[in-house]
Amino acid sequence: MTHFLDIHKTDPGDLHAIIDQAQAMKTARKGQPKGMPDADMPLAGQMVALIFEKPSTRTRVSFDVGVRQMGGQTMVLSGADMQLGHGETIADTARVLSRYVDLIMMRTFEEDTLLEMAEYATVPVINGLTNRTHPCQIMADIMTFEEHRGPIKGKKVVWSGDGNNVFASFAHAAKQFDFDLVFTGPEPLDPESSLAGLYTTVRDPHEAVQGADLVVTDTWVSMHDPQSARERRHNQLRGYQVNEALMADAKDDALFMHCLPAHRDDEATSSVMDGPHSVIFDEAENRLHAQKAIMRYCLGV
Ligand code: CP
Ligand code: NVA
């Protein structure tokens with residue numbers, strides 16, 4: 001069974017192959033209408049369940065479109081509408097769904113929910129974001145970096161802001177793809193301790209971004225964070241906003257990324273998001289291509 005649960009759980013050779021296939025599939029369908037199926041229809045006859053226990057725009061639409069482009073069919077399920085949200089166990093849900101569908105993508109809160117789904121499912125399970133990680137996003141980000149700048153190996157990536165789930169997947173990727181990752185953010189919002197050794201910390205953001213090939217940030221309040229923490233987090237993170245002054249201290253040709261959704265002029269200014277360094281909409285597009293390759297990898301097609 002080939003799940004895609006986290007970047008550090010997948011072999012680096014397989015990760016590179018996924019990115020290469022994503023790029024080849026993107027190139028192959030350039031200029032085609034988005035609803036046109038891929039020539040080889042690798043998911044023909046396959047049924048994919050997309051389960052969301054949290055809101056989503058990109059993940060929902062890109063997985064749905066990706067499956068359809070590959071000739072498969074989807075059903076988008078809200079956790080709250082399933083018996084899962086009303087007391088049925090994850091293990092039973094996993095075993096039942098496995099009788100109906102060929103692949104499960106899940107966005108949930110606790111990582112344990114995803115892991116239990118993967119343990120009991122008899123079909124592959126893909127992580128569509130948990131409170132701890134967001135591996136599909138970072139596969140799209142690596143693809144985007146390499147599309148613009150070539151291999152990410154040996155490059156300097158700087159994360160400015162909250163040490164959250166998206167950062168965690170960047171940290172896993174730093175090891176697998178062999179790039180240098182620097183975290184700059186306030187100590188109370190440091191990444192979880194299990195990631196120690198995968199990145200270095202530089203508290204001063206202007207010092208941190210010196211020589212950066214890529215500057216990344218994300219929302220200051222994630223979906224799983226309590227709204228009551230909003231004001232405190234904003235106060236802690238204000239100094240880590242990615243603005244033109246910060247980008248000016250990175251390399252001249254540094255890229256800027258944000259997984260979106262963004263809160264414009266909080267974690268990043270509109271001038272950076274819409275400016276010459278930004279590749280945020282390429283990132284969003286590449287979710288589609290990267291996830292198509294991830295699904296093919298999981299299904300072995
Ligand atoms: N970046 C991302 O996962 O976006 P959604 O929450 O819209 O899926
Ligand atoms: N860190 C954000 C990412 C959203 C795609 C969250 O978990 O809400």
Side-chain angles (χ1 to χ4, degrees), residues 4-7 22 48-67 74 76-80 104-114 126-145 159-173 181 183 185-186 188-192 195 214 216-230 233-234 236-237 240-242 256-264 266-268 273 278-292 294-295:
F4 189 77
L5 298 176
D6 267 319
I7 290 192
V48 179
L50 307 172
I51 306 172
F52 290 91
E53 296 195 302
K54 287 174 175 170
S56 168
T57 296
R58 280 142 290 269
T59 307
R60 180 185 308 241
V61 178
S62 57
F63 264 104
D64 200 344
V65 169
V67 172
T74 59
V76 181
L77 304 163
S78 130
I104 298 168
M105 191 287 312
M106 187 176 204
R107 165 169 290 195
T108 188
F109 288 87
E110 299 303 328
E111 182 180 57
D112 282 350
T113 305
L114 176 85
I126 295 176
N127 177 357
L129 179 145
T130 71
N131 295 359
R132 285 191 77 187
T133 59
H134 196 5
C136 290
Q137 178 67 53
I138 277 45
M139 291 299 280
D141 293 357
I142 305 267
M143 176 181 173
T144 306
F145 184 90
W159 177 278
S160 184
D162 181 21
N164 66 12
N165 48 359
V166 179
F167 175 83
S169 287
F170 254 112
H172 294 148
L181 180 63
F183 170 79
L189 300 178
D190 271 351
E192 62 170 67
L195 301 171
L214 169 62
V216 195
T217 192
D218 185 15
T219 180
W220 288 344
V221 186
S222 283
M223 291 181 273
H224 60 274
D225 290 322
Q227 275 305 313
S228 56
R230 187 176 178 279
R233 287 175 153 268
H234 275 239
Q236 288 168 322
L237 287 159
Y240 294 92
Q241 181 191 64
V242 181
F256 168 72
M257 290 191 191
H258 187 313
C259 66
L260 305 178
H263 299 80
R264 283 176 173 259
D266 284 344
E267 67 268 17
M273 291 182 62
S278 176
V279 289
I280 57 176
F281 298 112
D282 291 340
E283 267 185 281
E285 177 184 341
N286 285 337
R287 292 292 302 279
L288 169 67
H289 308 295
Q291 289 159 188
K292 286 170 72 177
I294 290 167
M295 288 189 274

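Computed over heavy atoms, backbone and side chain alike; hydrogens, waters and symmetry mates excluded. By convention here, the first residue in the shown sequence is residue 1. Just so it is clear, the structure is predicted and the values come from calculations on it, not from any experiment. Indexing begins at 1, ligand by ligand and atom by atom, following the structure's order.
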K.L.:
Give me the nearest non-hydrogen protein atom to atom 2 (C) of ligand 1 as residue plus atom name, then the distance to 0.1 Å.
P.N.:
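Going by distance alone, atom 2 (C) of ligand 1 is nearest to Arg287 NH1, 3.2 Å.
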K.L.:
Nearest 0.5 Å, what's the CD-CD distance between Glu110 and Glu53?
P.N.:
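Taking CD in Glu110 and CD in Glu53, the distance rounds to 10.0 Å.
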K.L.:
What heavy-atom pair brings Met273 and Ala262 nearest, and what distance separates the two atoms?
P.N.:
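It is CE-CB, 3.5 Å.
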K.L.:
Applying a heavy-atom cut-off of 4.0 Å, say which part of Gln137 lies close to ligand 1: side chain, backbone, both or neither.
P.N.:
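Side chain only.
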K.L.:
Report every pair formed by an N or O atom of ligand 2 and a protein N or O atom separated by less than 3.5 Å, giving atom names and the distance to 0.1 Å.
P.N.:
from, atom 1, to, atom 2, distance (Å)
ligand 2, 1 (N), Asn164, ND2, 3.4
ligand 2, 1 (N), Asn165, OD1, 2.9
ligand 2, 1 (N), Asp218, OD2, 2.7
ligand 2, 1 (N), Ser222, OG, 2.7
ligand 2, 7 (O), Asn165, ND2, 2.8
ligand 2, 8 (O), Met223, N, 2.8

K.L.:
Kindly write out the residues that satisfy side-chain hydrogen bond (donor to acceptor under 3.5 Å, both in side chains) with His263, not counting sequence neighbours, or none if the list is empty.
P.N.:
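Testing His263 for side-chain hydrogen bond (donor to acceptor under 3.5 Å, both in side chains), a comparison that skips the adjacent residues, returns Thr219.
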K.L.:
Contact between Asn127 and Asp6 at the side-chain level, heavy atoms closer than 4.5 Å - yes or no?
P.N.:
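The answer is yes; the side chains approach within 4.5 Å.
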K.L.:
Identify, for atom 7 (O) of ligand 1, the protein heavy atom at the shortest distance, and state residue, atom and that distance.
P.N.:
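The closest one turns out to be Thr57 N, 2.7 Å.
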K.L.:
Is Arg230 reaching over with its side chain to a backbone N or O of Val221, donor-acceptor style, under 3.5 angstrom?
P.N.:
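Between the backbone of Val221 and the side chain of Arg230 there is no qualifying donor-acceptor contact (under 3.5 Å).
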K.L.:
Of the protein's non-hydrogen atoms, which lies at the shortest distance from atom 6 (O) of ligand 1, and what is that distance?
P.N.:
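Result for atom 6 (O) of ligand 1: Arg107 NH1, 2.8 Å.
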K.L.:
At a 4.0 Å threshold, what atoms of ligand 1 neighbour a non-hydrogen atom of Cys259?
P.N.:
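Within the 4.0 Å cut-off of Cys259, ligand 1 contributes 1 (N).
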K.L.:
For the pair Glu192 and Arg132, find out whether any cationic side-chain nitrogen is under 4.0 Å from an anionic carboxylate oxygen.
P.N.:
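Judged by the 4.0 Å cut-off on N to carboxylate O distance, Glu192 and Arg132 do form a salt bridge.
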K.L.:
Using modelled atom types only, decide if a donor and an acceptor are shared between the side chain of Arg233 and the backbone of Ala229 within a distance under 3.5 Å.
P.N.:
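It does not hold such a pair.
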K.L.:
Is a side-chain N or O of Thr217 found less than 3.5 angstrom from the main chain of Ser160, in a donor-acceptor match?
P.N.:
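Checking the backbone N and O of Ser160 against the side chain of Thr217, a donor-acceptor pair under 3.5 Å is found.
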K.L.:
Is it true that, when you exclude Arg264 itself, more than 12 heavy atoms of the residues, nucleotides or ligands shown sit nearer than 6.0 Å to its CZ?
P.N.:
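Buried by this count: over 12 neighbours within 6.0 Å.
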K.L.:
Looking only at non-hydrogen atoms, find the nearest pair between Thr108 and Lys54 and report the distance.
P.N.:
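Reported closest heavy-atom pair: O-NZ, 3.2 Å.
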K.L.:
Any nitrogen or oxygen of Ser56, main chain or side chain, under 3.5 Å from a nitrogen or oxygen of ligand 1?
P.N.:
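Indeed, backbone or side chain, Ser56 has an N or O that close.
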K.L.:
Considering heavy atoms of the protein only, find what lies nearest to atom 4 (O) of ligand 1 and give residue, atom and distance to 0.1 Å.
P.N.:
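Among all protein heavy atoms, the one nearest atom 4 (O) of ligand 1 is Arg58 NE, 2.8 Å.
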K.L.:
At a 4.0 Å cut-off, with the gap strictly under it, does some heavy atom of Leu260 reach an atom of ligand 1?
P.N.:
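Yes; Leu260 lies near enough to ligand 1 that a heavy-atom distance drops under 4.0 Å.
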